Amino acid sequence: MRVVVDLDLCQGHGMCEVEAPDVFEAGRDAVTILNSTPDESQRAEVEAAVRYCPTQALKIVED
């Protein structure tokens, strides 16, 4: 699993950091992905972050 962000859509709301703080860090205008290939044990958190992103800027790519 790999996490990607569309920085053209991201507005830095921070919902991803709330859901998966070990994977995302919200900045003033955009998110930083701290770990683009999170462990499978973090899948539920990452899926929640993707689901609750207000601008749908996040996605999971299966490698």
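Please read all numbers here as calculations on a predicted model, not as lab measurements.
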Exercise for the section: Group every Ile, Leu, Val, Met, Phe, Trp and Tyr by side-chain heavy-atom contacts under 4.5 Å, then state whether Leu58 and Val23 land in the same group. Expected result: yes
Practice task
Check whether any side-chain heavy atom of Pro38 sits under 4.5 Å from a side-chain heavy atom of Met1, and report yes or no.
Solution key: yes
Problem - Nearest heavy-atom neighbours spanning Ala30 and Cys10 - result: CA-SG, 3.5 Å
Handout entry: Pairwise distance CZ(Arg51) to CD(Gln56) - rounded to 0.5 angstrom
Key = 12.5 Å
Practice task
Identify whether Phe24 and Val4 are in the same connected component of the hydrophobic contact network (ILVMFWY, side-chain heavy atoms under 4.5 Å).
Solution key: no
Handout entry: Over all atoms of both residues, closest heavy-atom pair of Gly14 and Ala26
Key = CA-CB, 3.5 Å
Handout entry: From NE2 (His13) to OG1 (Thr55), nearest 0.5 Å
Key = 5.5 Å
Exercise for the section: Give, for atom CD of Glu25 and atom CG of Leu34, the distance between the pair rounded to the nearest 0.5 Å. Expected result: 5.5 Å
Handout entry: Cluster link Met15 to Val31, ILVMFWY, side chain under 4.5 Å
Key = no
Problem - Any donor-acceptor N/O pair, Glu45 side chain to Gln42 backbone, under 3.5 Å - result: no
Handout entry: Candidate pair Asp22 and Asn35, rule side-chain contact (heavy atoms from CB on, under 4.5 Å), full reasoning
Key = CA-CA 7 Å; Asp22 293 335; Asn35 180 4; over 6 Å; no
Exercise for the section: Indicate if Val3 and Leu7 have the same hydrophobic cluster label, given that clusters are the connected sets of ILVMFWY residues with side-chain heavy-atom separations under 4.5 angstrom. Expected result: yes
Exercise for the section: Looking only at non-hydrogen atoms, find the nearest pair between Cys16 and Ala49 and report the distance. Expected result: CA-CB, 3.7 Å
